[in-house]
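All residue numbers refer to positions in the sequence shown, counting from 1. Just so we're clear, the structure is a prediction, and the values are computed from it rather than from any experiment.
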Amino acid sequence: MKCIFCGNIDSKVVDSRYLKDTSIRRRRECLVCGKRFTTYETVETNPMVVTNVDNMREPFKAEKLAESIQYATYCVDMSVSIDDIVNKIESDLLKMQQQEISTKDIVKVALDVLMEVNSMACLVYYTQHTDCDSFDAVRRFINR
């Protein structure tokens, strides 16, 4: 790892800590100038491809998911941050071990996660992202 102070490529790891999001924080010390700096390592995952209802394919974007979750939780008092919700949804999607995933699968996983966090936000998300064309469809969802 290249030292940010002197540019030397030789350093030693002084301390390593695992973080919540499956990354590692490492404290390093340059072997030439003796200064310390921090690096973060994360596992590179294969990018998921999302297939929408029109069979259009695009890369999975956590920002797009965060925007829809934020919209669903706008007027709801949340005990969990939107970033934590998005990270949980993305983690659950990665556990499915599918390179290509449909928007219906994303909605299903998001609904499961939101139901654990806040049922009202889950209901708003459901009405936004499904074909609920009647009050009876919403009622069936609530009673499931």
Side-chain angles (χ1 to χ4, degrees), residues 1-133 137-138 140-144:
M1 185 61 61
K2 189 175 184 179
C3 176
I4 60 172
F5 301 105
C6 70
N8 183 43
I9 59 170
D10 292 325
S11 65
K12 68 178 180 179
V13 175
V14 178
D15 180 43
S16 293
R17 292 190 184 175
Y18 291 97
L19 303 175
K20 287 190 283 186
D21 63 350
T22 67
S23 61
I24 301 172
R25 175 188 172 271
R26 295 197 193 276
R27 261 324 255 163
R28 296 179 178 272
E29 183 177 314
C30 179
L31 296 177
V32 173
C33 70
K35 294 192 178 180
R36 292 185 176 193
F37 56 98
T38 303
T39 60
Y40 294 91
E41 296 178 20
T42 58
V43 175
E44 184 176 69
T45 59
N46 290 333
M48 286 185 289
V49 175
V50 178
T51 308
N52 65 16
V53 291
D54 299 330
N55 286 330
M56 297 291 292
R57 299 172 71 218
E58 65 177 295
F60 175 81
K61 295 179 183 144
E63 303 83 28
K64 194 172 178 181
L65 178 61
E67 190 176 299
S68 69
I69 298 294
Q70 186 169 6
Y71 187 79
T73 60
Y74 178 71
C75 291
V76 181
D77 191 23
M78 298 294 292
S79 61
V80 179
S81 76
I82 291 173
D83 287 339
D84 289 343
I85 294 170
V86 170
N87 287 340
K88 173 71 171 129
I89 293 168
E90 190 172 4
S91 173
D92 289 354
L93 291 171
L94 288 170
K95 286 178 187 174
M96 294 171 71
Q97 296 182 350
Q98 295 177 352
Q99 183 86 25
E100 195 166 311
I101 192 156
S102 71
T103 53
K104 287 183 179 182
D105 290 335
I106 294 172
V107 169
K108 183 184 178 310
V109 170
L111 288 172
D112 291 343
V113 171
L114 283 171
M115 186 59 83
E116 294 173 11
V117 176
N118 187 295
S119 59
M120 186 56 75
C122 180
L123 181 60
V124 171
Y125 192 85
Y126 172 78
T127 59
Q128 290 173 339
H129 297 284
T130 61
D131 294 330
C132 62
D133 55 356
V138 175
R140 281 192 300 275
F141 175 75
I142 292 170
N143 291 330
R144 70 176 176 120

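Between the CG atom in Asp10 and the CE atom in Met1 there is a gap of 12.5 Å [rounded to 0.5 Å]. Summarising the geometry, atom CE belonging to Met48 is positioned 9.0 Å from atom CE belonging to Met96; distances are rounded to the nearest 0.5 Å. The OG1 atom of Thr73 sits 8.0 Å away from the CG atom of Leu114 when rounded to the nearest 0.5 Å. One finds the OH atom of Tyr126 at 9.0 Å from the CD1 atom of Ile142 (value rounded to the nearest 0.5 Å). How far CD1 of Ile89 is from CG of Leu94: 12.0 Å, rounded to the nearest 0.5 Å. Distance check, rounded to the nearest 0.5 Å: CZ of Arg36 to NZ of Lys12 gives 7.5 Å.
More than 12 heavy atoms of other shown residues, nucleotides or ligands fall within 6.0 angstrom of atom CD in Glu58. In the displayed structure, Glu67 atom CD is contacted under 6.0 Å by at most 12 heavy atoms of other residues, nucleotides or ligands. Residue Gln70 qualifies as open at atom CD: its count of foreign heavy atoms under 6.0 Å is 12 or below. The number of heavy atoms from other shown groups lying within 6.0 Å of CG (Asn143) is above 12.
Counting heavy atoms from C-beta on, the side chains of Asp105 and Gln98 come closer than 4.5 Å. Looking at Tyr74 and Val124, their side chains never come closer than 4.5 Å, going by heavy atoms from C-beta outward.
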| task | Could you go through the side-chain contact (heavy atoms from CB on, under 4.5 Å) check for Thr130 and Phe141 one step at a time? | result | CA-CA 11 Å; Thr130 61; Phe141 175 75; over 6 Å; no

| task | Walk me through it: do Lys95 and Asp92 pass the test side-chain contact (heavy atoms from CB on, under 4.5 Å)? | result | CA-CA 5 Å; Lys95 286 178 187 174; Asp92 289 354; 4.1 Å; yes

| request: Give the intermediate values and the outcome of side-chain contact (heavy atoms from CB on, under 4.5 Å) for residues Ile85 and Met78. | output: CA-CA 10 Å; Ile85 294 170; Met78 298 294 292; 3.5 Å; yes

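In this structure, Asp15 and Arg17 approach most closely via the heavy-atom pair OD2-NE, 3.3 Å. The two residues Ser16 and Ile24 come nearest to each other via the heavy atoms CB-CG2, 4.3 Å. Among all heavy-atom pairs drawn from Thr103 and Asn52, the shortest one is CG2-CA, 3.7 Å. Listed here is the closest heavy atom pair of Thr42 and Ser23: CG2-CB, 3.2 Å. When all heavy atoms of Ser68 and Leu65 are compared, the closest pair comes out as OG-O, 2.9 Å. Scanning all heavy atoms of the two residues, the minimum distance from Tyr125 to Leu111 falls at CD2-CD2, 3.7 Å.
A salt bridge does not link Asp84 with Lys88: every distance from a Lys NZ or Arg NE/NH1/NH2 to an Asp or Glu carboxylate oxygen is 4.0 Å or more.
In this structure, Phe37 and Phe5 have perpendicular ring planes: the angle between them is above 60°, well past the 30° mark.
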